[in-house]
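These notes concern the structure reproduced below.
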Amino acid sequence: MEIKLYNTATRKLENFRPTGEVVKIYTCGPTVYSEPHIGNFAAYAYWDLLVRTLKANGLKVKRVLNLTDVGHLVSDGDTGEDKLEKGAAREGLSVWEVAERYTKIYLDSYAKMEFLPADVVARATDYIKEDIEAVDLMTAHGFTYETSDGVYFDTSKFAKYADFARLDVSGLQAGARIEFSNEKRNATDFAVWKFIKPGEKHAMRWDYLGRPGYPGWHLECATIIHKELGEPIDIHTGGIDHIPVHHTNEIAETFAAYGKNLARFWLHCGFITIDGQKISKSLGNIYSLSDLEARGFLPMDYKMWLISGHYQGTRNFTFDSLAAAKQRRLNWRNRIAECYQNSAAKTDSQVFNKILVAMNNNLNSAEACAIIEQSELTLSDWKKVDKLFGLRLVADTPDVDASAYDLLRERAAAREKKDFVRSDRIRDDLSARGITIKDTPAGAIWQYAD
Ligand code: AMP
Ligand code: ZN
C-alpha cells in the first residue's frame, strides 16, 4: 500500500518508501528534569501511531528514543541554567538522582499510555565519548571555533544551514546584534561543547581540551543516531518547536562531523493548547496524567482524544472534549461487546483496509476514527484497530463468562414469564459486575458501563 507522509524537509506530502529492510526512526525525547504534562505526551502518542501504522503495513521498524539528562539549558540556545541543575536545586537532589527520578516517571507514563517501547532508549550521558569524537571531527573539518565558554559551531561554514527551517539568517543576525556582545561569530552559531568556568556549579562534567565541560544539547541526537542507526535514517520526528534550532543544528552537526545527510523524512507534530492558551506554569493549566486520572479519566481516554485529531494541527484541550473522547472509547468497547454476542461477526470485513488507507495518508487518524464511526466492524477488525491505535479496546472489554451468560438467559426467561422482580434482581447482579443490559427490539444485549 502507498504510504504518504508530510516531509518538513521539502514541505511536501511525499510517498514514503523504506530504503532498507528496517525503517530507521529517531525521536527526540524528553529532558528528564520535571514532571511531564499532557502536552509532552502528544508527540510520543503520534510517533507511536506512526510506528504502529508502518507495522500494520508489514514493515519492520527500529526506533531509537533519547533521554536528555545533560546539556539542555533553560533556553534552547546556549544561555541560562542547565535544566538538570535547575531540577536538582528545586528538589534538593543530585542531578543524577533527578535524571533517575524523571526517567522512571517518563518511562512509566509511556507504559501507561501503551506506547510500544522504543528498540533503543539512549541516555545522553552514555554517549559522551561519541560526543567528543564528533566535536573532534567537526573541528578537523573546519566547522568549529573556540571561545572562552565553549566550542562553537560556525554556521556560516555550512552553506545549507538556513534551508531546513527556511531561516532568515540575515534578519536573525540583525535582530541579535543588540545582545550580540559575546564571542559568537554569527547569531545562529551554537555550542557543541560548553566549558565549566572555575566556581561554576555543574555537577555533570567531563574532561575535554584540558578542562571540565559538558556537551551542547543538540549534539547527543547527532551522535546517538550515528552510533545506533547510521545516517541517513528514514524518519526523524519531533515537535514543531524543534525545527528552527534543535533539528537545524542536528543536521549541521551531522554534516560537519560525518559528511552525511541526517534523515530522509522529517515529521513534526503541532502543539496542544489548553482552553485556547499555551500550557504554562504561570497560567496554572499544567495537567499531568495523574491529574487526569484524579478527575476520572484513563490515560487511554487521553490517547483517544489525541488520536481523534491530526498530529500536525494545533489541538485545543478541554475537559469537555476529553469527556467526549472517553465516551467514544466506551462506545467502541460496547460495539466490541456486541460483536461477542453476534456469532456472525467473527471474520474480517474490508473496513480495516479503509482505516489503514486513511492512516497511510499522512497518519490521518481523525479520518480513520470517522470511518470507524460510520462502519460495521467485526471482532477481527476491532482486534486490528486495537493493534493500530493501542487503545486497549479489546483487552478492556472481555467477553462475559459462562455464569454471566447463564444469568442473561435466566433473565430472558424471567421476562418471558413476566417475572419482573426476578429479572430486575438479575439485572442488579450483573450491574454489580460492571455489565449493564440494554433491551433492544432484537432482544437484550449486554454492555460494559464505565
Ligand atoms: P519541555 O520539557 O517543556 O521543553 O518540552 C519538551 C518537548 O515536549 C518540547 O520540545 C515539545 O516538542 C513538547 N511539548 C511541550 N509542550 C507541548 C505542548 N503543549 N504540546 C505539544 N508538545 C509539547
Ligand atoms: Zn534531537
Side-chain angles (χ1 to χ4, degrees), residues 8 25-47 63-77 80-84 86-87 98-99 102-103 105-106 109-110 113 118 121-124 127 131 134 164-165 190 192 215-226 228-229 231 233 235-254 262-263 266-283 285-288 302 305-306 309-318:
T8 305
I25 304 183
Y26 183 82
T27 298
C28 290
T31 305
V32 283
Y33 79 113
S34 66
E35 187 83 32
H37 59 68
I38 56 171
N40 296 127
F41 292 111
Y44 308 112
Y46 291 126
W47 310 140
R63 177 158 175 250
V64 177
L65 170 80
N66 73 309
L67 300 173
T68 300
D69 55 3
V70 65
H72 192 176
L73 304 186
V74 171
S75 83
D76 279 352
E81 212 179 344
D82 184 301
K83 287 188 174 182
L84 269 292
K86 191 175 162 185
V98 167
Y102 289 105
T103 294
I105 289 176
Y106 262 100
S109 307
Y110 291 168
M113 289 291 284
V121 176
R123 287 161 215 256
Y127 294 82
D131 290 344
F164 181 69
F190 58 94
V192 291
W217 170 42
H218 321 292
L219 188 55
E220 63 184 88
C221 295
T223 56
I224 291 169
I225 288 172
H226 184 67
E228 303 296 347
L229 293 167
E231 312 84 355
I233 58 169
I235 308 175
H236 194 310
T237 65
I240 198 166
D241 57 318
H242 289 146
I243 299 172
V245 180
H246 183 55
H247 288 167
T248 289
N249 292 352
E250 281 184 32
I251 291 168
E253 288 170 323
T254 299
L262 181 53
W266 289 82
L267 267 59
H268 291 97
C269 69
F271 259 49
I272 307 296
T273 56
I274 294 193
D275 296 325
Q277 292 181 296
K278 97 186 240 272
I279 302 179
S280 87
K281 229 180 236 162
S282 56
L283 293 170
N285 62 359
I286 295 188
Y287 300 114
S288 65
Y302 179 54
W305 182 85
L306 287 165
H310 193 259
Y311 76 94
Q312 286 182 295
T314 300
R315 308 252 356 256
N316 186 36
F317 176 91
T318 61

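In this text the structure is predicted, and so the values were computed from the model without any measurement. Read the numbers this way: they start at 1 and go in the same order the structure lists the ligands and their atoms.
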Would you please determine whether I279 falls within less than 4.0 Å of ligand 1 on a heavy-atom basis? yes

Do any of the N, O or S atoms of C221 sit under 2.8 Å from the Zn ion (ligand 2)? yes

Side chains of Y102 and L67: does their closest heavy-atom pair fall under 4.5 Å? no

What do you reckon, does H242 have a nitrogen or oxygen under 3.5 Å from a nitrogen or oxygen of ligand 1? yes

Please find the N/O/S atom of E250 nearest to the Zn ion (ligand 2) and write down its name. OE2

What's the shortest distance from atom 20 (N) of ligand 1 to any protein heavy atom, and which residue and atom give it? I272 N, 2.8 Å

Ring centroid separation W266 to F164 under 6.0 Å: yes

A122 and I224: which non-hydrogen atoms are nearest, and at how many Å? CB-CG2, 3.6 Å

Of the non-hydrogen atoms in V70 and D82, which two are nearest, and what is the gap between them? C-OD2, 4.1 Å

If you look at every heavy atom in E220 and W217, which pair is closest and at what distance? CG-O, 3.3 Å

Backbone, side chain, both or neither: what part of K278 comes under 4.0 angstrom of ligand 1, heavy atoms only? neither

Which atoms of ligand 1 are found less than 4.0 Å from any heavy atom of K83? 4 (O)

Check H246 against ligand 1 and report side chain, backbone, both or neither, counting heavy atoms closer than 4.0 Å. neither

N285 (side chain) donor-acceptor with S280 (main chain) under 3.5 angstrom: yes

Which one holds for D241 and ligand 1: side chain close, backbone close, both close, or neither close, with close meaning a heavy atom under 4.0 Å? side chain

Under 4.0 Å to a heavy atom of G239 - the qualifying atoms of ligand 1, by number: 12 (O)

Classify the angle between the aromatic ring planes of H268 and H247 as parallel (below 30°), tilted (30 to 60°) or perpendicular (above 60°). tilted

Of all heavy-atom pairs between W305 and N316, which one has the smallest distance, and what is that distance? CZ2-O, 3.3 Å

So is there a nitrogen or oxygen of H72 less than 3.5 Å from a nitrogen or oxygen in ligand 1? no

Under a 4.0 angstrom heavy-atom cut-off, which atoms of ligand 1 come close to N40? 5 (O), 6 (C), 7 (C), 8 (O), 13 (C), 14 (N), 15 (C)

Could you identify the single nearest non-hydrogen protein atom to atom 16 (N) of ligand 1 and state the distance to 0.1 Å? H37 CE1, 3.4 Å

Among protein heavy atoms, which lies nearest atom 22 (N) of ligand 1, and at what distance? G39 O, 3.2 Å

Can you give me the closest heavy-atom contact between P30 and N66, atom names plus distance? CD-O, 3.7 Å

Donor-acceptor contact present, side-chain S34 to main-chain G87, <3.5 Å: no

Could you grab the angle centred on the Zn ion (ligand 2), going from SG in C28 to NE2 in H246, to 10°? 120°

Any chance the rings of Y110 and Y44 have centres within less than 6.0 Å? yes

Nearest to atom 18 (C) of ligand 1, what protein heavy atom do you find, and at what distance? F271 CD2, 3.4 Å

So, is A42 polar-close to ligand 1, with some N/O to N/O distance under 3.5 Å? no

Between H37 and Y287, ring centroids under 6.0 Å: no

Closer than 4.0 Å to some heavy atom of G270 - which atoms of ligand 1 meet that? 21 (C)

Can a non-hydrogen atom of S34 be found less than 4.0 Å from any atom of ligand 1? no

